[in-house]
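On a predicted model such as this, the values are computed, not experimentally measured, just so you know. Atoms considered below: every heavy atom in the structure, side chains included; atoms not considered: hydrogens, waters and symmetry mates.
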Amino acid sequence: MIAEAGLAALWFAGALALLQVVLAVIGVRRSRSGGGEVLATIRPVAVVQGVLVVLAMLLLIAVFVESDMSVRLVAEDSSAAKPLLYKIAGAWGNHEGSMLLWVTILGLAGAAVALFERRLPKPTLIATLGAQATIALGFYAFLLFSSNPFARLVDAPPDGQGLNPLLQDPGLAFHPPTLYLGYVGISVAFSFAVGAMVTRDVGPAFARAMRPWVLGAWIFLTLGITAGSYWAYYDLGWGGWWFWDPVENASLMPWLAATALLHSVTVLATRDGLRAWTIMLAVVAFSMSMIGTFLVRSGILTSVHAFAIDPKRGAFILALLVIYIGGALALFALRVGTIRQGNTFEPVSREGALVVNNLLLSVILGIVVIGTLYPLVAAAFGTQLSVGHPFFDSTAGPIALVLVAIMGIGPLLRWRRDRASEALRRVAIPAGVAVVTFLAVLLLAPGIHILPLCGLTLAAGAAVASVAPLWRRDLRRTPLFTYGMVVAHLGIAVSLAGMASESAFDQETLVATHIGEIQHVGPYSVTLEGIRPVIGADWSAVEGVLRVQRGDHAPYILAPQSRFFSTPPQATSISAIETVADGQLYTVLGQADDDGRWQLRLWWKPFVTLIWLGGALVAFGGFLSLLGRLLRERRAHRREIEA
Amino acid sequence: MKAKHQRLTLALLALAAVIGAAVLALSALKDQASFFYAPSDVVKDGLPLGKAVRLGGLVAAGSIKRQPDGISIHFVVTDGQAQVPVSFSGIVPDLFREKSGVVAEGHFMPDGSFVATNLLAKHDANYMPPQVAGAMHKTESLEK
């Protein structure tokens with residue numbers, strides 16, 4: 001019964017989304033009379049739609065918690081013996097469930113816009129809600145007609161096939177919802193852009209309404225990518241933190257576009273410049289988040305053959321992508337002429353630096369898009385190939401480094417216009433720090449590659465430059481969003497330092513070792529003391545007991561495992577990682593050979609943790625900015641009411 | 001700068017950036033895309049030397065030989081038509097076994113053998129890498 005109730009809720013929510021689109025069209029037509037009565041209807045419709053779709057999602061989770069094996073999704077992706085956390089997370093650990101989660105978050109966001117958005121003119125708000133419902137409608141159609149999460153099986157199996165052991169990790173509970181919050185946030189921002197385009201109302205007011213959504217989406221994308229990177233790092237046992245895998249790229253592309261949008265929307269909101277530019281970026285960011293959403297779960301990217309297995313679903317996804325992206329681009333092309341020119345600026349200015357930032361981000365985005373989609377295109381012409389890190393490192397890497405340099409310089413420039421000579425004086429200290437770092441690294445590590453060398457140099461320079469805007473300022477009166485920018489930029493520098501250090505100074509030992517033998521990696525000596533069996537809820541494992549010692553410090557034990565899951569029957573290795581102040585020791589246990597030796601793979605990764613610490617800082621900086629903006633607006637709103 | 005000029009400059013800059021990205025990406029792709037080979041492709045087209053490639057097929061039955069150093073293995077990849085000997089040092093994926101699909105990343109040696117730097121075998125007993133399925137499929141249709 002629960003599954004049927006969920007399906008019914010989904011149908012009703014879809015019908016309300018359709019009603020919302022119709023109401024919006026009527027509202028925009030009647031916008032000369034103010035659209036007041038339409039707004040009074042469309043608001044509750046959006047809220048009820050949100051409530052219904054949340055209900056559907058909760059019912060799907062209930063089906064999973066109950067382990068109702070007559071529901072196809074549960075039978076395929078869950079089993080009765082799973083811990084509760086993974087039963088719940090299993091609800092979105094599959095294609096249909098993740099799509100439902102997406103539209104659930106979209107419904108919630110729509111309800112939030114309907115309830116709390118007060119700044120926008122009524123027609124623009126109506127058009128925005130209409131655009132949101134249009135996006136949601138595609139998802140409802142997709143769920144109801146080709147990916148029903150509540151579909152029943154005729155014969156219920158006694159137990160499910162279980163969840164892929166790689167996914168049985170707390171990461172699954174948080175990683176997809178975080179990314180989806182990001183994707184949905186971008187689609188909300190895009191809805192604002194559509195609303196402003198439809199009512200010819202592109203200006204600072206619209207930018208201020210859109211900015212919190214862009215910021216919020218960007219924070220979640222940053223968190224999602226950072227967490228996903230760490231998850232892949234410890235879960236896969238390959239020692240890498242970014243593989244340029246199509247699925248990873250699918251989350252990076254919206255982030256790049258959102259980062260560009262975030263910076264240009266600031267120009268629009270504070271200086272009323274870059275109007276058409278910002279709208280274009282909103283369109284691009286939305287397209288990227290759609291590609292990210294659909295290509296990941298559809299399996300198109302990882303396996304071209306997934307298309308052949310379910311041609312109907314593949315065709316549906318392609319059609320949706322074409323409609324969404326094509327529609328967005330067409331609307332932009334039709335309306336770009338009505339967007340009036342904003343304020344202008346000199347090339348050497350904060351705006352100028354932000355334009356360069358946007359251009360470089362766009363170039364990186366273009367490269368990632370081409371590199372990710374090229375194998376698909378080639379496959380269509382009968383050539384099988386893959387594009388991996390050599391391509392991305394050599395193309396996107398150098399451009400990203402230039403971008404970091406611009407990131408350091410930009411905030412030190414004045415708005416509108418600046419004198420080149422004065423600007424040069426302001427960047428002198430960070431530049432000096434960079435030069436000193438460059439020489440120091442060359443002296444200490446003469447054989448270092450050019451990319452990590454430049455990475456360390458720029459990280460040092462950018463770190464100093466990013467805190468420079470606080471120089472000689474009254475720290476108590478500096479607005480919160482300025483701190484946000486400083487922290488986020490510092491985070492980028494910190495993360496870059498970690499990446500450069502990991503790629504330059506990483507050490508690896510791969511051996512087959514007898515029990516009791518001492519092996520060395522970096523500053524550590526590692527002894528395999530023994531092998532012991534371990535039993536878990538639905539797995540058993542062999543565990544290597546490693547005695548790890550660094551210099552004269554007290555030794556401790558690390559225990560990497562080789563784990564065997566019962567449902568589904570699969571093996572996976574669980575790495576053991578020791579985090580210390582200056583890096584991580586990463587250990588993986590391999591197989592035993594006939595002589596009783598065990599394979600061990602040991603890495604010493606100096607300062608690798610900075611990569612994710614930097615990512616967290618970037619997200620925290622975004623949070624400070626968001627908080628600062630919201631607080632300032634609330635204060636301004638209060639003042640308006642009092643006046 | 002006049003407003004109109006600024007808009008034009010920005011549009012041209014954006015266009016230049018996009019074209020630049022495309023040119024850069026496509027020229028880099030020529031050298032750095034790693035092409036997929038099945039053993040019979042090598043027989044047909046010759047050895048792709050000096051390039052990073054992916055070799056896909058099934059691990060031939062009885063071909064996995066562990067080396068005395070305990071970390072290297074030799075095995076043979078087959079697609080039913082041709083065979084390529086492969087060497088690899090490292091911890092093999094959990095689902096690497098005889099008669100199941102594998103994709104080896106690495107490069108060919110002049111003697112026709114393959115040195116793998118990485119082995120991919122999906123964590124699923126029924127999984128066949130799509131390229132392997134494609135290679136097997138090609139071979140099968142050729143046989144018919």
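Taking B/Ser89, B/Ala16, B/Ala11, B/Ala17 one by one and counting their heavy-atom pairs under 4.5 Å with chain A, the maximum is reached by B/Ala17. For chain B, the option among A/Gly371, A/Ser394, A/Ser362 with the highest count of heavy-atom pairs below 4.5 Å is A/Ser394. No other option in A/Pro390, A/Ala378, A/Ser562 has as many heavy-atom pairs under 4.5 Å with chain B as A/Pro390. Of the residues considered (A/Thr395, A/Val511, A/Val355, A/Leu359), A/Leu359 shows the highest number of contacts with chain B, using heavy-atom pairs under 4.5 Å. Ranked by heavy-atom pairs shorter than 4.5 Å toward chain A, the options B/Pro68, B/Ser27, B/Ala52 are led by B/Pro68. The candidate from B/Gly20, B/Gly70, B/Ala14, B/Ala22 with the greatest count of non-hydrogen atom pairs under 4.5 Å with chain A is B/Gly70.
Summarising the local packing, OH of A/Tyr374 is surrounded by 12 or fewer heavy atoms from other residues, nucleotides or ligands at distances under 6.0 Å. Surrounding CG of A/Asp595 are more than 12 heavy atoms belonging to other residues, nucleotides or ligands, all under 6.0 Å away. Other residues, nucleotides and ligands place more than 12 heavy atoms under 6.0 Å from the NE2 atom of B/His74.
Across every non-hydrogen atom of B/Ala25 and A/Phe391, the tightest pair is O-CE1, 3.3 Å. Nearest heavy atoms, B/Ala21 versus A/Gly366: CB-CA, 4.4 Å. Between A/Leu510 and B/Gly90 the shortest heavy-atom distance is CD2-CA, 3.3 Å.
Of the atoms belonging to B/Asn118, not a single heavy atom falls under 4.5 Å from chain A. At a 4.5 Å heavy-atom cutoff, A/Trp598 makes no contact with chain B through either its backbone or its side chain.
Panel note: side chain A/Gln591, backbone B/Ile91; no donor-acceptor pair is recorded below 3.5 Å.
A/Leu274 is listed as a side-chain neighbour of B/Leu10, based on a closest heavy-atom distance under 4.5 Å. Contact annotation: the side chain of A/Leu385 never approaches that of B/Phe36 to less than 4.5 Å [non-hydrogen atoms, C-beta and beyond]. Considering only heavy atoms from C-beta on, A/Ile399 comes within 4.5 Å of B/Leu24 through its side chain.
Here A/Asp593 contributes atom CG and B/Ile73 contributes atom CD1; the two are 12.5 Å apart, rounded to the nearest 0.5 Å. To the nearest 0.5 angstrom, A/Arg597 atom CZ is 10.5 Å from B/Arg66 atom CZ. With rounding to the nearest 0.5 Å, the separation of CD1 in B/Ile71 from OG1 in A/Thr513 is 11.5 Å.
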